[in-house]
Each structure stands twice: as structure tokens, then as C-alpha cells.
Amino acid sequence: MERPIGMFDSGFGGLTVARALIDLLPDEDLVYVGDTGRYPYGPRPQSEVREFARQLAWGLVKEHDVKALIVACNTASAAALDLLEAEIPVLVIDVIAPGARALVRATRTGKVGVIGTVGTIGSGAYDRAVAATGADVQLTSAACPGFVEFVERGQTSGEEVTILAERLLAPIRQAGVDTLLLGCTHYPYLADVIGAVMGPDVTLVNSADATARAAHAELTAAGLLRTPGSEPAVHRFMSSGDISWFADLGGRLLGPELRDAEQWHHE
Ligand code: DGL
């Protein structure tokens, strides 16, 4: 099927999912939108995030004729997945259900944690997704306001971010979890800091790989995978904010596929 997969996030975070997807499905065409002009989504009211998600999803369907949509943002998945599944006429894949399944598979003690934005954690979406797995686990959650802003500035290590991580992760450490899900697609870029604060005995689970595997399974089941042809896959990266910053930091975070960025115009 020669139509691209569409993905969106509030900014650079969904690039962690794009990286995993390109590695797993290198023949797929991709259109990625980072809504950097309006990030962060985490502190915004759910109703506003729903509207942003709806605009981006319809933009990808109408302007780019995407065959599937990956909501590469936990905050948008938490706020808008039901709406997108009901309205958008293509396969919709979120990050929350695959992440929750990967979390409960990875734990040995049953004490698990999830961290995310204020919007994601406040929505209770992970409590519901973990309960839906049927696993007998005890979940501790914590919102981490400020993490996304560090990533968007390109500051993924150092004292400032470590001090913030020590404060925000304290309740998760006290709960004695053995596995922690990074329930925001920006957080894998902070994995070194988060891992150092949590210590070597805590396994970090990243929803990017789990989402790429879910996308592979769902596209295969729907008969939507692209047949590899003579043309190499096309990966397009778009931003609603400053495209030179998007190409510069995005290229450093994602890798060589992100050489150029294009301007995304909201409808
Ligand atoms: N990357 C988004 C997520 O997974 C959040 C970003 C934001 O707060 O803008 O939740």
C-alpha cells in the first residue's frame, strides 16, 4: 500500500516512536508532525488537547492521505483517543495500550511505575490501560512537569535536569518499583538521567518500541504494509514552529533521516 503512515506529537517526543518505527519497518513512508508551535500539551486542559489532536489527525488524513495514524503522544492519546477512533477514517494506533502491556510483561515483582505529563497522569488513562491487561500489579504514578521543556530545549543531561528528576521521581523510588514505564514520548531522551536516579535495579520500559511492534502487527493484520519497491521509503518531518530548530535538534535526536523539516500549517 503506497500511502504513508502519519504520526504526530506536541514536538520532538514522538521522534522516539518514529525512530523505532523506521528501524522496524524501513520500507514504510512516513509523515511526522511535531506541533512545536503549541507545545507543551501536558499542562493544557484536555478539551484543548482533543481539539489539537483532531486538527492534526484530519490534516494528516486530508493533506497527506495517510493509511494509518500513530498518536505518538501520551497526552494526546489520553485526551483524544476515543474521539480519533470514532472520527478518523483510518487505522489509529496509540502509545498507551502498547506501553501498558510492555510494562506488565517486564515486571518481576508486580510493583510497577509510570511517569508522564500532568495531563496523562491526571487522566487516569494508565490506571485503566494497566487494569485492562488483567495483570496483578500495583501501579504508582507520578507527573513530571518540566521534563518535556528540557527535551524541547535540547537539554537532556546535567545538574538542573538531575535535580528536577530526583524531586519528581521520589514517590516512585519510595514505592520500590522494579519496572518504570516512560509514559511520555519525550522521556526516552532523558533515560540516562532517569536511570541514574532510579538506580540499576529498576528496568526502564519505553513505549516507543512497544508502539512500533503494535503498529507492525496492526498494519500486517489490516493488509496495509507497503510492498518494498525500487523506490526507497520517504520520511517527511514537519513542524508547526521554527523549522530550522526542528531540523537541527530533531536531526540530533532522531538521526540522519531528519535532514530537512517542512512547515506545517494548521487548517
Ligand atoms: N510527548 C508528549 C507525551 O507523550 C507530551 C508532551 C507535552 O507535554 O507536550 O505525552
Side-chain angles (χ1 to χ4, degrees), residues 7-20 32-46 48-53 56 70-81 94-96 99 113-123 125-126 141-172 180-198 204-208 211 237-242 245-246 248-254 258 261 264:
M7 323 178 49
F8 73 86
D9 176 49
S10 64
F12 294 94
L15 293 176
T16 57
V17 184
R19 176 75 271 152
Y32 178 97
V33 187
D35 199 2
T36 44
R38 302 190 296 198
Y39 99 95
Y41 282 6
R44 292 181 186 273
Q46 300 265 298
E48 191 173 29
V49 176
R50 276 167 88 79
E51 208 35 53
F52 289 176
L56 291 161
I70 301 182
V71 186
C73 174
N74 292 261
T75 312
S77 294
L81 185 65
D94 82 314
V95 281
I96 291 182
V114 62
I115 52 174
T117 66
V118 169
T120 300
I121 299 302
S123 74
Y126 271 105
S141 320
C144 294
F147 275 10
V148 166
E149 287 83 345
F150 273 112
V151 174
E152 292 280 324
R153 288 200 295 270
Q155 201 178 331
T156 53
S157 60
E159 200 182 318
E160 262 184 289
V161 60
T162 303
I163 289 170
L164 181 66
E166 276 166 353
R167 180 162 66 74
L168 295 173
L169 297 172
I172 303 281
L180 176 62
L181 175 65
L182 307 181
C184 170
T185 54
H186 281 71
Y187 295 177
Y189 294 125
L190 302 175
D192 284 350
V193 172
I194 295 169
V197 171
M198 292 307 299
L204 301 186
V205 175
N206 152 357
S207 56
T211 301
F237 296 92
M238 312 188 82
S239 158
S240 62
D242 181 334
W245 175 238
F246 196 75
D248 177 16
L249 178 61
R252 279 189 270 150
L253 295 172
L254 180 109
L258 205 169
W264 175 268

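Computed from a predicted model, the values in this text were never measured in an experiment. Reckoned from all heavy atoms, side chains included, excluding hydrogens, waters and symmetry mates.
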**Asked** Taking atom CG of Asp192 as the centre, does the number of heavy atoms from other residues, nucleotides or ligands within less than 6.0 Å exceed 12?
**Response** no
**Prompt:** When rounded to the nearest 0.5 angstrom, what distance separates CH2 in Trp264 from OG1 in Thr36?
**Reply:** 12.0 Å
**4.5 Å side-chain heavy-atom contact, Ile70 and Phe8** = no
**Request:** List the steps, then state whether side-chain contact (heavy atoms from CB on, under 4.5 Å) holds for Ile96 with Tyr126.
**Result:** CA-CA 7 Å; Ile96 291 182; Tyr126 271 105; 3.8 Å; yes
**Complete:** dist Ile115:CD1 -> Thr120:OG1 (nearest 0.5 Å) comes out at 11.0 Å
**Prompt:** Can you say whether the rings of Tyr41 and Phe52 are parallel (under 30°), tilted (30 to 60°) or perpendicular (over 60°)?
**Reply:** tilted
**Prompt:** For Ser141, which of Leu181, Ile172, Ile121 qualifies under side chain to side chain contact (heavy atoms under 4.5 Å, CB included)?
**Reply:** Ile121
**Asked** Are any non-hydrogen side-chain atoms of Phe147 and Ile194 less than 4.5 angstrom apart?
**Response** yes
**Prompt:** Do Val71 and Val95 come within less than 4.5 Å of each other through their side chains, counting heavy atoms only?
**Reply:** no
**Asked** Do Leu258 and Phe246 have side-chain heavy atoms sitting under 4.5 Å apart?
**Response** yes
**Request:** Enter the distance from Asp9:CG to Ser239:OG here, rounded to the nearest 0.5 Å.
**Result:** 11.0 Å
**Item:** Gap separating the OH atom of Tyr189 from the CZ atom of Arg252, nearest 0.5 angstrom
**Value:** 11.5 Å
**Message:** Could you tell me if the side chain of Leu190 sits less than 4.5 Å from the side chain of Val161, heavy atoms only?
**Reply:** yes
**Message:** Could you tell me if the side chain of Arg44 sits less than 4.5 Å from the side chain of Thr75, heavy atoms only?
**Reply:** no
**Complete:** On a heavy-atom basis, the closest approach of Ser240 and Arg38 is OG-N, 4.3 Å
**Fill in**
Here the pair of heavy atoms bringing Leu204 nearest to Ala191 is CD1-O, 3.7 Å
**Request:** Would you name the heavy atoms of Gln46 and Gly119 that are closest together and state the gap between them?
**Result:** NE2-O, 3.4 Å
**Least distance between heavy atoms, Val148 atom then Cys184 atom** = CG2-SG, 3.7 Å
**Asked** For the residue pair Glu152 and Phe12, what are the closest heavy atoms and their distance?
**Response** OE2-N, 2.9 Å
**Request:** Working to the nearest 0.5 Å, report the span between CZ of Arg19 and CG of Asn206.
**Result:** 13.0 Å
**Request:** List the atom of Leu249, the atom of Arg153, and the distance in Å for their closest heavy-atom pair.
**Result:** CD2-C, 4.4 Å
**Prompt:** Given side chains that start at C-beta, do those of Glu149 and Pro40 come closer than 4.5 Å, heavy atoms only?
**Reply:** yes
**Message:** Let me confirm one number: the CZ-OG1 distance from Arg167 to Thr162, rounded to the nearest 0.5 Å.
**Reply:** 13.0 Å
**Prompt:** Is any side-chain heavy atom of Thr16 less than 4.5 Å from a side-chain heavy atom of Leu253?
**Reply:** no
